[in-house]
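Both ligands and their constituent atoms are indexed starting at 1 by order of listing. Owing to the predicted nature of the structure, the values given are computational and were not obtained by experimental measurement.
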Amino acid sequence: MELEVKKDISVVIPLLNEEESLPELCAWIERVMHEHKFKYEILLIDDGSRDRSWEVISEIAKNNPNIEGIRFNRNYGKSAALHTGFEHVQGDVVITMDADLQDSPDEIPELYRMIKEEGYDLVSGWKKKRHDPISKTIPSLFFNFVTRKISGINLHDFNCGLKSYHKDVVKSIELYGEMHRYIPMITKRHGFDRIGEKVVEHRARKYGSSKFGLERFIYGFLDLLSITFVSKFKKRPMHFFGTMGTLSFFFGIIVTIGLIIDKLYKLHFKLPVREVTEQPLFFLALVAVIVGVQLFMAGFVAEMLTMNSQKKNDYIISEKISYPRKKVF
Ligand code: UDP
Ligand code: MG
């Protein structure tokens, strides 16, 4: 029987076409782990690379039993790669980093220490001095500002690829779409709110090119909307749809009553009357009533769906965790 070795650190690295960086990156991580005598594993998640990344991974893994590779049959995105990595990790502390050598493995020991000794659930890197084009840094300032306001989490750099997590966190959260940009929000939503930040060194991309183009802003924005919406209303969709629907419905009804009273009044006093179909207000009221009923129904159906689909074990036991805990933000 194979004995399972307890690991201190699992490094999860999502990658897409990063063949040149991988050997250098792995050698560097190994060096750091050795110096600090960590028991570790490196999980390289090949997110559908079309270059020689997978061959390179197989080659490196041959010489180091601590390195594992997982390969997707196609490109699913960074979130999916991270999620798969999280499902497989065994270490007490999980570190995520990009494969392009923009994140420095020298940060690992301190990120590990902050989780282990200071009791953080999540420590997010902050690329204070960034080596990226301005087309990326300016929008990112805006995104971080909005996300900070919406989430109430005081981070400067939500989307930094270099982060460390307590194992319980990665085993609880689910990532999909482009949700990797908002991991701290998701983490907080699951009750892990000891979220810290560490200024990390950021380096210019040495090999290859960035995998995210301008579409990052559109998708990023839509994901921000849905994550905010889901955090607020996933459990009670009726609170949103029901309120909107009822408001719209009553607005329509009140306008209709107003129109009827107006007509009766004018008829009574023999004033000139307009056909109801000639009044814009009539159509507005009609639409409001119909939309109101629709919204209400949507809320009702969504509510029934969530009632049926809530997983039986959709909760987290907060009393079992035995690592030092500390309230941050
Ligand atoms: N990546 C990935 N799947 C994708 C896109 C990117 O695994 O669909 C990886 C990429 O190989 C890198 C990390 O995610 O390791 C960050 O990507 P990139 O460096 O292109 O982003 P940037 O630094 O430009 O924000
Ligand atoms: Mg990069």
Side-chain angles (χ1 to χ4, degrees), residues 10-26 28-29 42-57 60 67-89 94-105 107-108 124-144 147 155-164 170 175-184 200-221 223-224:
S10 299
V11 185
V12 174
I13 305 175
L15 63 110
L16 174 65
N17 304 332
E18 308 280 5
E19 56 181 1
E20 303 102 323
S21 313
L22 291 173
E24 208 171 314
L25 178 70
C26 290
W28 190 355
I29 298 175
I42 303 176
L43 263 82
L44 298 162
I45 321 290
D46 182 351
D47 183 15
S49 295
R50 296 204 166 270
D51 65 355
R52 293 192 63 256
S53 291
W54 185 249
E55 283 76 17
V56 175
I57 293 171
I60 310 174
I67 295 183
E68 282 173 43
I70 295 174
R71 185 187 197 179
F72 285 166
N73 64 335
R74 68 164 171 88
N75 177 239
Y76 288 93
K78 191 177 174 184
S79 290
L82 285 172
H83 187 78
T84 305
F86 289 166
E87 281 185 332
H88 286 83
V89 290
V94 179
I95 308 262
T96 58
M97 61 194 305
D98 291 352
D100 54 1
L101 291 164
Q102 290 198 271
D103 301 327
S104 161
E107 307 283 355
I108 293 177
S124 183
W126 172 13
K127 300 169 293 223
K128 201 166 180 180
K129 194 168 179 318
R130 268 180 87 158
H131 296 272
D132 279 325
I134 211 157
S135 61
K136 214 149 119 183
T137 49
I138 302 273
S140 150
L141 279 178
F142 169 75
F143 257 100
N144 281 307
T147 314
L155 292 179
H156 293 87
D157 189 1
F158 281 81
N159 187 21
C160 183
L162 183 55
K163 287 185 169 62
S164 64
V170 302
L175 298 179
Y176 61 92
E178 306 279 304
M179 294 300 182
H180 59 267
R181 295 182 211 288
Y182 305 106
I183 290 178
V200 293
E201 186 201 347
H202 188 240
R203 299 141 53 87
R205 211 182 221 284
K206 196 164 165 188
Y207 308 105
S209 56
S210 174
K211 307 300 180 296
F212 297 103
L214 284 179
E215 79 285 352
R216 74 165 74 208
F217 302 119
I218 300 162
Y219 296 157
F221 179 67
D223 280 338
L224 181 61

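Residue Asp47 approaches ligand 1 through these ligand atoms, each under 4.0 Å from one of its heavy atoms: 2 (C), 3 (N), 4 (C), 7 (O), 8 (O). Shown in contact with Leu15 at under 4.0 Å from a heavy atom are these atoms of ligand 1, numbered in order with element: 7 (O), 11 (O). Those atoms of ligand 1 with a heavy atom of Arg216 less than 4.0 angstrom away are 24 (O), 25 (O). The ligand atoms of ligand 1 that sit less than 4.0 angstrom from a heavy atom of Gln102 are 19 (O), 23 (O). Residue contact check: Glu18 has heavy atoms under 4.0 Å from atoms 10 (C), 11 (O), 12 (C), 15 (O) of ligand 1. Residue Asp100 has at least one heavy-atom neighbour below 4.0 Å for each of these atoms of ligand 1: 19 (O), 23 (O). Listed by number with element, the atoms of ligand 1 under 4.0 Å from a non-hydrogen atom of Asn75 are 3 (N), 4 (C), 8 (O).
Of all N, O or S atoms in Asp100, the one lying closest to the Mg ion (ligand 2) is OD2.
At a cut-off of 2.8 Å, Gln102 is counted among the residues with an N, O or S atom near the Mg ion (ligand 2). Because the distance cut-off is set at 2.8 Å, Asp132 fails to qualify as a neighbour of the Mg ion (ligand 2), as none of its N, O or S atoms comes that close.
With rounding to the nearest 0.5 Å, the separation of OG1 in Thr84 from OH in Tyr76 is 9.5 Å. Expressed to the nearest 0.5 Å, how far CZ of Arg216 lies from CG of Asn159 amounts to 7.5 Å. The structure places NE2 of His156 at 13.5 Å from NZ of Lys127, a figure rounded to the nearest 0.5 Å.
Counting heavy atoms of neighbouring residues, nucleotides and ligands inside a 6.0 Å radius, atom OH of Tyr219 does not exceed 12 of them. Atom CD1 of Ile134 has 12 or fewer neighbouring heavy atoms from other residues, nucleotides or ligands inside a 6.0 Å radius. For CZ of Phe221, the number of neighbouring non-hydrogen atoms (other residues, nucleotides, ligands) closer than 6.0 Å is 12 at most.
Taking 4.0 Å as the cut-off between side-chain N and carboxylate O, Glu18 and Arg205 count as a salt-bridged pair.
Using cut-offs of 30° and 60° on the angle between ring planes, the pair Phe212 and His180 is tilted.
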* To do: Show your reasoning for whether side chain to side chain contact (heavy atoms under 4.5 Å, CB included) applies to Leu15 and Ile57.
  => CA-CA 11 Å; Leu15 63 110; Ile57 293 171; 4.0 Å; yes

* Decide side chain to side chain contact (heavy atoms under 4.5 Å, CB included) for Lys78 and Asp98; before the verdict, give the C-alpha distance in whole Å, the side-chain angles of both, and the deciding distance to 0.1 Å. => CA-CA 10 Å; Lys78 191 177 174 184; Asp98 291 352; 3.0 Å; yes

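Looking from atom 22 (P) of ligand 1 to the surrounding protein, the closest heavy atom is Lys136 NZ, 3.5 Å. Counting only heavy atoms of the protein, atom 20 (O) of ligand 1 lies nearest to Lys211 N, 2.5 Å. Protein heavy atom at the shortest distance from atom 18 (P) of ligand 1 is Arg205 NH2, 3.6 Å. Atom 17 (O) of ligand 1 has as its closest protein heavy atom Phe212 CE1, 3.5 Å. The protein heavy atom nearest to atom 14 (O) of ligand 1 is Lys78 CD, 3.5 Å. Counting protein heavy atoms only, atom 9 (C) of ligand 1 is closest to Pro14 O, 3.6 Å. Scanning all protein heavy atoms for the shortest distance to atom 1 (N) of ligand 1 gives Leu16 CB, 4.0 Å.
Partner of Asn75 under the side-chain contact (heavy atoms from CB on, under 4.5 Å) criterion, out of Asn17, Leu16, Asp46: Leu16 alone.
Here the shortest heavy-atom distance to atom 13 (C) of ligand 1, taken over Asp132, Asp98, Leu101, belongs to Asp98.
Heavy-atom separations between Ala81 and ligand 1 are all 4.0 Å or longer. Taking 4.0 Å as the cut-off, Met97 does not count as a neighbour of ligand 1 on heavy-atom distance.
No side-chain donor-acceptor contact under 3.5 Å links Thr147 and Arg181.
Contact detail for Gly161 and Asp103: the closest heavy-atom pair is C-OD2, 4.0 Å.
Under 4.0 Å from ligand 1, not a single heavy atom of Asn17 appears.
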